[in-house]
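Quick caveat, the model's predicted, so the values are computed rather than measured.
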Amino acid sequence: MNEAILTAEALSVGYRGQIVVADISFEARRGQILTLIGPNGAGKSTILKTLNRQLEPISGHIRLGGQELKSIRERDIARSMAAVLTGRPKPELMTCRDVVSSGRYPYTGRLGILSADDRRKTAEAMELVRVTDLADRDFEQISDGQRQRVMLARAICQEPRVLIMDEPTSFLDIRHKLDFLSLLRSLARDRKIAVVLSLHELDLAQRFSDLVLCIRGGAVDFKGTPEDVFSGDYIERLYELEPGRYDPLFGSIEGLPAEGVPRVFVIGGGGMGIALYRRLQRLGIPFAAGIIPENDLDYPVARALASKLISVPAFSAVDSASVSEAKESMLECGGCFCALSENGRVDKGAAELLSFAREHGILRQPENLDYLLAE
């Protein structure tokens, strides 16, 4: 059973008595990742700083292991909770090993002298985060991404029950983002740590979180599992996106369609039209697309980027009315690209459109967009 180790109840947070986010309630459970998402300036960092006692709560309760946080001694908090927040730490003349080993200070005597066990745990944490090769490097002379991993190793050294992190993937490339969050996932599961963090990368929040807290308009707008949060049009409402720009199935975000009437028709489907849709949008060329079933891989991208989309309901056959509408649109565009492989399997509707384009001399090769760019 994953017990609740850090809880907030009717918590209001802010600065100098001014509330930024009010009435926050949640439970962070051991073995799970709780992720805060929401627009810039919504108050995610303010919440995390309050949980870490960098800011005093304006009202409400924070409990660690069932005990009011404000009544726990600093040393005891440091043995239960670790944090890696925004801002670049600047320890002077310290190696990466020195920085990591400072996570053991809550367990040392007043002089901060490390025992053999402390040094062993320092080495284990560095190996776990794969920063052993940085041990003797000056902390000030490594990259931002490397610093983030070193600070995680420092937090692990504290042997916390709760780990708080503010945008921990900000300075990491895509490979290290995945490695970092996979490591957090393993730490939460294997060491029964409750991880509370904020993320801007919605696709990562969707894939690695157990519970998601959505912050907007000075309040908790919604709370639920990734399956609850990343469905329907909720993310578009949370971030005030144009309809169709966010795909909850794949966690992808699309740009706005090019302005103007469609100048070319794209026969797509099965995910094969996506790259061409995005290329046309990048070049500012408005296009029409069809005939795409609503359960097709192409559909969410075509819905977001096409100036005109001809579609049919999920699992429905292409009907004659849709074919007629597509043919009319093709003639209005005066040009047609086929994103499908002509040597592959093409459904009856696409085959009819392809034949129609050939008969009317409007079939073009998608590799050559010169005629559109020249207009």
Side-chain angles (χ1 to χ4, degrees), residues 203 231-233 236 241-375:
D203 55 334
S231 63
D233 63 353
E236 291 174 348
L241 299 173
E242 294 288 335
R245 291 188 63 194
Y246 176 78
D247 175 17
L249 182 60
F250 296 104
S252 60
I253 298 175
E254 303 295 340
L256 293 172
E259 296 182 357
V261 297
R263 294 167 55 194
V264 66
F265 189 96
V266 180
I267 302 172
M272 300 184 72
I274 292 175
L276 183 53
Y277 304 150
R278 289 173 175 164
R279 185 182 178 198
L280 290 168
Q281 188 268 349
R282 286 197 306 272
L283 294 172
I285 300 171
F287 66 92
I291 303 170
I292 312 295
E294 292 178 359
N295 61 316
D296 191 276
L297 288 172
D298 270 18
Y299 180 77
V301 182
R303 176 173 173 256
L305 301 182
S307 299
K308 179 178 182 179
L309 174 61
I310 300 169
S311 62
V312 293
F315 307 109
S316 298
V318 174
D319 55 26
S320 58
S322 297
V323 172
S324 297
E325 183 182 2
K327 288 179 178 179
E328 182 178 344
S329 181
M330 291 167 69
L331 292 175
E332 291 174 351
C333 291
C336 174
F337 293 148
C338 181
L340 307 175
S341 171
E342 296 185 39
N343 297 323
R345 183 177 179 182
V346 178
D347 64 44
K348 183 178 179 181
E352 186 172 345
L353 295 183
L354 185 57
S355 176
F356 181 83
R358 285 200 184 99
E359 290 173 4
H360 288 78
I362 57 175
L363 185 63
R364 308 279 192 264
Q365 293 301 315
E367 294 82 9
N368 185 2
L369 299 177
D370 291 349
Y371 89 97
L372 289 170
L373 295 173
E375 293 179 3

[X] versus [Y]: any side-chain heavy-atom pair under 4.5 Å?
X	Y	answer
Leu276	Phe287	no
Leu305	Leu280	no
Leu309	Tyr299	yes
Ile310	Ile292	no
Arg364	Val264	no
Pro286	Val261	no

Please report the closest heavy-atom contact between [X] and [Y], naming both atoms and the distance.
X	Y	answer
Pro262	Ser307	CG-CB, 3.9 Å
Ser329	Ala288	OG-CB, 3.5 Å
Val318	Ser322	CG1-CB, 4.5 Å
Ala339	Gly268	CB-CA, 4.4 Å
Ala258	Gly284	CB-C, 3.5 Å

Residues passing the salt bridge (charged side-chain N to carboxylate O under 4.0 Å, His left out) test with Asp233, sequence neighbours excluded, are Arg237
Spell out, as yes or no, whether a donor-acceptor pair under 3.5 Å connects the side chain of [X] to the backbone of [Y].
X	Y	result
Ser324	Ser320	yes
Gln281	Leu256	yes
Glu294	Ser311	no

Separation of Ser316 OG from Ile291 CD1 (nearest 0.5 Å):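 Atom-to-atom, Ile291:CD1 and Ser316:OG are 12.5 Å apart.
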Please determine whether side-chain contact (heavy atoms from CB on, under 4.5 Å) holds for the pair Met330 and Cys336, giving the CA-CA distance in whole Å, both sets of side-chain angles, and the decisive distance to 0.1 Å. CA-CA 6 Å; Met330 291 167 69; Cys336 174; 3.7 Å; yes
Carefully, step by step, assess Lys327 and Leu331 under the rule side-chain contact (heavy atoms from CB on, under 4.5 Å). CA-CA 6 Å; Lys327 288 179 178 179; Leu331 292 175; 5.8 Å; no
Partners meeting side-chain hydrogen bond (donor to acceptor under 3.5 Å, both in side chains) with Tyr277 (sequence neighbours left out): Asp298
Could you check whether Glu254 pairs with Arg278 (Lys NZ or Arg NE/NH1/NH2 to Asp/Glu carboxylate O, under 4.0 Å)?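 Salt bridge flag = yes for Arg278 with Glu254.
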